[in-house]
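Reminder, nothing fancy here: chain letters follow the sequence lines and each chain counts from 1.
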Amino acid sequence: MGGRSTLGRLAAQLATGLVVVLVVATVVFFAFRLLPGDPTLVVLGEQATLAERAALRARLHLDDPLLTQYLRFLAGLLHGQAGASLRTPSRDAISVVVESLPDTARLAGVSVGFGSILGVGAGLVSVASTHGFARRLAERCIVLGASVPLLAFAPVVTWALSVRLRWVPLPADPDAGLRGLLFAGLLLGLPLGAAVGRMARATLLEARESPFLRVARAKGRSRAAIWLVHALPTCAGPLVTVLAAQLGALLGGAVVLERLLERRGLGTVLVDALAARDLPVLQACVLVSATFFVVVQALGVQLHAAIDPRAR
Amino acid sequence: MRRAWPLLLVVAVAVTLRLARAADPRRIVLVDELARPSLRHPLGCGDGGVDLLAVATEALLRGLLLALVVAAFSLVLGTTLGAAAGLRGGVAARALTRLCDGLQAFPSFVLALALVAAVPRPSRLHVAVVLALTAWAPFARLALAELRVIRGLAYVEAARALGAPPLQVLLRHAIPAALPTARAQLGSTASALLVSDAALAFLGLGPADGVSLGALVDQGVGTLVRAPHVLMVGAGALTLAAVTVQALADRRGV
């Protein structure tokens, strides 16, 4: 892979990513049309009359040949459209989804922040601390964060901090504001922090044995300097990789958390579309997530290569 | 086997409790609605007076069954694909590696959610199939990596030189070499599947009778203020299941 320009590599990755998105779009398209069960029944419910179902079939062009539907779907995608939302027919499904992105992006950003800081911190303590107790505690925290599911601890912590202690806003509180965002971001960031912590621990253990640290020690640098200035930066590259790898899980966690704390965002759009069986919106959610994921992955690899020359 | 005993212990206890308990987790006894734990109902009652001990044990067993079956299937499928592609090498191996890398970090939960939602009455089989769509990728990835190492080794070359048919090389040498790392991945994958299944149920896509870990947590969230014990039972059962399955992947002593 050596010798190719950064731009060339990025272009190749985005091209692969585009193929992935296209494959996903195709899979979702055909899945919705080939799965057992009449989609009109799914959307309208079992009580729908034949006339209502026929009308919906006509609106969704379900009686056209499959290939025609597929081509129409692809053409629509080029214009950034995935069909009208069934719940709000005046709006296109993709715009409904895209509108919810900023809220989820804010939540994801806060989680990544918390997760990175807590994870790297825990990893550092678990390797570098002089107190055995602190090292073991940090390691146990990392393992705990990785084993206890978000779905289990988030409601319990919410109950403890919100309902009992009133330290954080209650779910569905419209004035939740910054406190609510920080709380949600912290909850979502904990599993991420555990994955980051595991990586940081492994990277720092490796760095501890490396020649360049030995040189720093021989030069008489202080312990703080050795760890913070010399060893810690080795985590930068792997951190980007771990974050990119955990993105899918983060999105899943965000869906659950938004439903739990009744916050606006992609998760809520998804769950509402679920309840209403709004198939175009569900399709759009998958597409938008896939595209976003592909872009972030590509950027992540480039960022990693930029930070850490060893990864090129 | 790695730490399998926590899982076996939990399953044994759950099965015993479930069989010993006469209460049906689906039986509604309105007068017992949200009752606190008592001698008659050791874990209390949930919505509609369902006995939480019965619900928790049955939900736990159902969740474990789905997670382990899908994980085992993914192990077989993924390891075979990865070993076969790794043995061929070249384009096949590279293409599969790319595909697996893409799938592994993909927001598969969102995909699973959308696919299960498209079915009018999603059954456990639907959920299992949808989850399996992406679960095989880590196993294939591991097998590919393993194969890259052993492809060049003497015994594989020898087998080929002796004229062994490719299928035999695959079954006798490639797949067995890939299995040890695959077994380690089994615990992580099964744990993740368990949690994904619970999350789907939490969002309303679980079994129709509502006996599942996710639905139990959902019920707990709904009765958070009036009866917190329901949530504790749900969260506890889910954590217990996830942790014991995850232990399958841990080495002894680590």
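- In terms of heavy-atom proximity, A:Gly252 sits nearest to B:Phe109 at CA-CD2, 3.7 Å.
- Neither the backbone nor the side chain of B:Leu213 has a heavy atom closer than 4.5 Å to any heavy atom of chain A.
- Residue B:Leu115 holds its CG atom at 10.0 Å from CD of A:Gln283, rounded to the nearest 0.5 Å.
- Here the shortest heavy-atom pairing between A:Leu274 and B:Leu203 reads CD2-O, 3.9 Å.
- At a 4.5 Å heavy-atom cutoff, the contact between A:Val156 and chain B is made by backbone and side-chain atoms alike.
- Proximity to chain B (any heavy atom under 4.5 Å) is restricted, for A:Val163, to the side chain, taken from C-beta onward.
- Residue with the most contacts toward chain A among B:Leu133, B:Val245, B:Leu113, B:Leu240: B:Leu113 (heavy-atom pairs, distance under 4.5 Å).
- No other option in B:Gly204, B:Ser196, B:Pro228, B:Ala199 has as many heavy-atom pairs under 4.5 Å with chain A as B:Pro228.
- Proximity to chain B involves both the backbone and the side chain of A:Ala290, based on heavy atoms less than 4.5 angstrom apart.
- Residues B:Ala235 and A:Ala152 share a closest heavy-atom pair of CB-O, 3.5 Å.
- Interface remark: B:Thr239 contributes backbone and side-chain atoms alike to the contact with chain A (heavy atom separation under 4.5 Å).
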Using side-chain contact (heavy atoms from CB on, under 4.5 Å), reason through B:Asp218 and A:Arg259 one step at a time and then give a plain yes or no. CA-CA 10 Å; B:Asp218 188 26; A:Arg259 161 81 168 68; 3.1 Å; yes
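- Closest of all the heavy-atom pairs between A:Leu260 and B:Phe202 is CD1-CZ, 4.3 Å.
- Interface residue B:Val110: backbone and side-chain heavy atoms are both found under 4.5 Å from chain A.
- For residues 54-71 of chain B, the side chain to side chain donor-acceptor pair (under 3.5 Å) pairs, not counting sequence neighbours, are B:Arg18-B:Glu58, B:Arg26-B:Glu58, B:Arg62-B:Asp209.
- Between A:Pro155 and B:Leu224, every side-chain heavy-atom pair lies at or beyond the 4.5 Å cut-off.
- Rounded to the nearest 0.5 angstrom, B:Leu111 CG and A:Cys285 SG are separated by 12.0 Å.
- A heavy-atom distance below 4.5 Å is not found between the side chains of A:Leu247 and B:Pro107.
- Counting heavy atoms of neighbouring residues, nucleotides and ligands inside a 6.0 Å radius, atom CZ of B:Phe73 does not exceed 12 of them.
- A distance of 5.5 Å separates CG in B:Leu238 from CG in A:Leu151, rounded to the nearest 0.5 Å.
- A:Phe73 meets the ring-ring contact (aromatic ring centres under 6.0 Å, His included) test with A:Phe29; sequence neighbours excluded.
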